[in-house]
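First comes the structure, then the notes that go with it.
Throughout, protein chains are lettered first and strands after them, A, B, ... in sequence-line order, and every chain is numbered starting at 1.
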Amino acid sequence: MVEEVNALAEEAKRERLEELAPDRAAELDAERADEDDGDGQVLPELPNADAVAEVRMRLAPNPNGPWHLGSARMPAVIGTYKERYDGWMLCRFDDTDPETKRPDLDAYDEILEAIDYLGFEPDEVVTASDRLEIYYDHARRLVEAGGAYTCSCSGEAFSELKNRAEPCPHRDTDPATTLEEFEAMVDGEYDAGDVVLRVRTDIEHPNPAMRDWVAFRMVDTPHPRDEAAGYRCWPMLDFQSGIDDRLFDVTHIIRGIDLQDSAKRQRFVYDYFDWEYPEVVHWGHVQIDDYDVKLSTSTIKALVESGELDGWDDPRAPTIASLRRRGIRGEAIVEAMIELGTSTSNVDLAMSSVYAKNRELVDDETDRAFLVRDGVRKQLVGGPARAEPPVHPDHPDRGTREIPVGDAVLVEPDDVPPNGSRVWLKGYGPVRHTRDAFEFTGEDIEIVREEGVDVVHWVPADESRPLVLRTMDGDETGRAEPGVADYAPDDLLQFERVGFARVDRHEDDESVAYFAHP
RNA sequence: GCUCGCUUGGUGUAGCCCGGCCAAUCAUAUCGGCCUUUCGAGCCGAUGACAGGGGUUCAAAUCCCCUAGCGAGCACCA
């Protein structure tokens with residue numbers, strides 16, 4: 001009620017302010033928007049964002065495998081900017097290498113699913129390997145403008161000349177001849193390595209990385225996509241991506257420092273066409289702690305193929321699919337990624353940060369349950385026949401769980417009190433460890449508060465359900481209270497004093513859950 | 001080797017462009033307290049950083065130089 005009045009008053013003040021000082025009102029809105037972005041860091045403003053009618057960005061994944069956790073940074077940051085500026089976002093599959101980074105046909109859809117899981121939706125999706133004719137056309141125009149030449153030097157020979165800032169003999173090739181040879185490249189009349197199309201930049205450029213780079217090369221291996229399998233002449237990333245960014249009116253490019261020099265290289269092409277280069281933001285590499293597996297598509301692929309990992313969603317794999325299966329929300333990953341900001345230095349993402357975000361998101365709606373790992377069996381003497389702990393301690397209205405006790409319980413080895421000591425079986429009551437049994441003492445909960453009796457979780461020894469908990473450190477076996485069998489796959493549970501887990505499946509004799517985090 | 005970039009507590013980040021309000025922000029982490037039938041949540045508190053060295057200045061995390069460390073590019077990979 002008070003809040004309501006406050007809100008109303010706030011609204012009224014806001015309106016009044018609008019009349020008196022519209023500028024100040026807008027400022028306040030901006031501040032409020034920043035605050036709403038989360039309780040942690042907020043991404044910095046994009047350079048010159050207000051100079052464009054619409055902020056247009058692109059995700060440019062290489063579909064050579066499913067995404068690892070580092071890949072999430074791209075949609076997280078770009079997607080968040082899209083929302084902030086009410087902008088536009090393209091997903092462009094840069095799949096122009098049929099050989100070395102050969103596309104994986106399943107990855108296209110898997111990547112789109114990952115983007116969706118993270119909570120974003122591209123406004124348009126295109127595939128570079130569908131657009132070869134467009135790149136060819138632009139190559140022809142570039143040649144006509146004197147911006148490129150065909151070169152049949154071997155890679156080593158050219159590299160040697162280049163490092164001495166000396167032109168190769170083909171640099172003088174005139175546009176007409178170049179065009180002829182380029183058409184032959186397009187027609188597939190050469191084999192890989194025979195000839196390339198080079199951009200004529202500045203052979204004496206102080207940075208050797210800038211000197212006459214390759215725009216197109218021949219690839220003998222057919223592209224895995226049927227639509228593109230007929231092409232042999234493929235553009236290099238710097239050419240393809242540079243052209244596409246312009247054709248889609250991209251205003252802001254956000255990418256990794258490995259592509260630091262790309263902008264400088266592409267500018268040579270832009271200059272020939274008299275185009276203006278978009279704004280660029282670079283970020284450093286991300287490493288993720290807590291994993292033994294390296295954050296690399298090829299490494300993970302190898303481990304999956306060799307069977308060391310069950311699949312891309314093995315809990316030990318640092319992949320998006322894995323976190324998803326563990327029941328972690330895409331939003332938690334995004335928030336953690338946003339906090340990394342966009343600095344060009346390399347960063348370590350702490351998984352605890354992802355976990356903290358996720359806990360915040362799911363804690364309130366996640367039901368509680370007991371799971372005992374490595375249970376020690378104790379005979380129970382006396383006491384009620386059933387326990388009724390709450391489904392969620394903060395929400396009594398959600399009811400209670402009915403746990404039949406039977407005549408023995410299981411507790412975790414560390415929770416067994418010394419002989420003669422008491423322990424409180426959570427949701428059930430106080431017991432004393434006597435010889436090899438737990439004897440119900442019937443004392444009041446006061447002993448927990450005033451005498452420091454520990455509260456532990458437990459399950460009935462006989463009526464509990466076997467459960468495998470898959471964790472990053474391997475599988476753990478245990479027994480859960482019978483009620484867990486009623487939860488559907490994908491449901492989240494908090495195993496009290498163990499942690500959050502996602503119910504994966506129920507098999508005949510056991511249930512399987514994936515551990516998310518404490 | 002050539003070219004470019006980076007370096008704030010355990011981790012990430014703000015501040016650096018436009019030097020003073022920075023004995024340095026926020027989050028996470030760790031530890032402690034309160035609360036509590038979770039080692040969860042919440043609340044309170046504590047811990048902990050300007051890579052090093054010079055210089056400019058009344059004043060430097062912020063500007064300049066040097067050193068060290070890290071990284072990227074110099075691929076017919078993306």
Exercise. Going through the distances and angles, do A:Asp238 and A:Arg267 end up as a salt bridge (Lys or Arg N to Asp or Glu O under 4.0 Å)?
Worked result: CA-CA 10 Å; A:Asp238 279 328; A:Arg267 267 179 216 277; over 6 Å; no
Check this one for me: any side-chain N or O of [X] less than 4.0 Å away from OP1 or OP2 of [N]?
X	N	answer
A:Lys101	B:A75	no
A:Arg217	B:A78	yes
A:Ser159	B:A75	yes

Same-atom distance ([atom1]) from [N] to [M], integer angstrom:
N	M	atom1	answer
B:A27	B:C66	C1'	36 Å
B:G32	B:C17	P	42 Å
B:G48	B:A29	C1'	11 Å
B:C31	B:C39	P	13 Å
B:C26	B:G15	C1'	12 Å
B:A78	B:G73	P	13 Å
B:A59	B:C44	C1'	37 Å
B:U36	B:A41	C1'	10 Å

Round to a whole Å and report the spacing from [atom1] of [X] to [atom2] of [N].
X	N	atom1	atom2	result
A:Asp202	B:U3	CG	C1'	13 Å
A:Arg359	B:U38	CZ	C1'	12 Å
A:Trp213	B:G73	CH2	C1'	14 Å
A:Asp290	B:G12	CG	P	14 Å
A:Asp97	B:A75	CG	P	16 Å
A:Lys357	B:G40	NZ	P	18 Å
A:His517	B:U28	NE2	P	14 Å
A:Arg497	B:U37	CZ	C1'	11 Å

Seminar exercise, completed: Comparing A:Phe500 with A:Ala209, nearest RNA chain B nucleotide closer to 5' gives the residue A:Phe500
Exercise. A:His205 or A:Arg73: which one's nearest nucleotide on RNA chain B is closer to the 5' end?
Worked result: A:His205
Which atom pairs, one a donor and one an acceptor, fall under 3.5 Å between side chains of residues 156-164 of chain A and the rest of the protein, sequence neighbours left out?
residue  : atom : partner  : partner atom : Å
A:Asn163 : ND2  : A:Ser159 : O            : 3.2
A:Arg164 : NE   : A:Glu166 : OE2          : 3.4
A:Arg164 : NH2  : A:Glu166 : OE1          : 3.4

For this session: Would you kindly say whether A:Arg225 and A:Ser129 are connected by a side-chain donor-acceptor distance under 3.5 Å?
Result: yes
Atom pairs and distances, donor-acceptor, side-chain atoms in residues 105-112 of chain A, under 3.5 Å, two or more places apart:
residue  : atom : partner : partner atom : Å
A:Tyr108 : OH   : A:Asp95 : OD2          : 2.6

Problem set entry | Derivation and outcome, salt bridge (Lys or Arg N to Asp or Glu O under 4.0 Å), residues A:Asp97 and A:Arg217 | CA-CA 10 Å; A:Asp97 177 8; A:Arg217 86 296 203 181; 3.7 Å; yes
Looking at residues at least two apart in the chain, or sitting in another chain, which of them share a ring-ring contact (aromatic ring centres under 6.0 Å, His included) with [X]?
X	result
A:Tyr355	A:His517
A:His205	none
A:His282	none
A:Trp67	none

Problem set entry | Test salt bridge (Lys or Arg N to Asp or Glu O under 4.0 Å) applied to A:Arg171 and A:Asp212, step by step | CA-CA 9 Å; A:Arg171 196 167 203 265; A:Asp212 287 17; 2.7 Å; yes
Base, sugar-phosphate or nothing for [X]? Non-hydrogen atoms, less than 4.0 Å.
X	answer
A:Cys233	nothing
A:Asn62	sugar-phosphate
A:His285	sugar-phosphate
A:Ser262	nothing
A:Asp289	nothing

Heavy atoms from C-beta onward define the side chain here; which of [options] lies closest to that of [X]?
X	options	value
A:Arg265	B:G12, B:G73, B:C77	B:G73
A:Lys426	B:A78, B:U36, B:U38	B:U38
A:Met236	B:A75, B:U37, B:A72	B:A75
A:Pro206	B:U3, B:C77, B:C76	B:U3

Problem set entry | B:U38 base / A:Arg368 side chain donor-acceptor hit below 3.5 Å | yes
For this session: Classify the side chain of A:Gln494 versus the base of B:U38 as yes if they form a donor-acceptor pair under 3.5 Å and no if they do not.
Result: yes
Output every pair passing salt bridge (Lys or Arg N to Asp or Glu O under 4.0 Å) with a member in [range], not counting sequence neighbours, ordered by first then second residue.
range	result
residues 58-79 of chain A	A:Arg58-A:Asp245
residues 384-400 of chain A	A:Asp367-A:Arg398, A:Arg386-A:Glu402
residues 182-204 of chain A	A:Arg140-A:Glu183

Exercise. More than 12 non-hydrogen atoms from neighbouring residues, nucleotides or ligands closer than 6.0 Å to CD on A:Gln287, yes or no?
Worked result: no
For this session: Could you go through the salt bridge (Lys or Arg N to Asp or Glu O under 4.0 Å) check for A:Lys357 and A:Glu360 one step at a time?
Result: CA-CA 5 Å; A:Lys357 301 288 176 200; A:Glu360 212 168 284; 5.6 Å; no
Problem set entry | Base-pairing string, 5' to 3', of RNA chain B - Watson-Crick or wobble, under 3.5 Å, | interstrand | (((((((..(((.......[.....)))((((((.......))))))...(((((..]....))))))))))))....
Identify the pairs formed between an N or O of the protein and an N or O of nucleotides 5-11 of chain B at a distance under 3.5 Å, and give each distance.
residue : atom : partner  : partner atom : Å
B:U11   : O2'  : A:Asp348 : O            : 3.1

Pull out every protein N or O sitting under 3.5 Å from an N or O of nucleotides 46-49 of chain B, one pair per line with the distance.
none

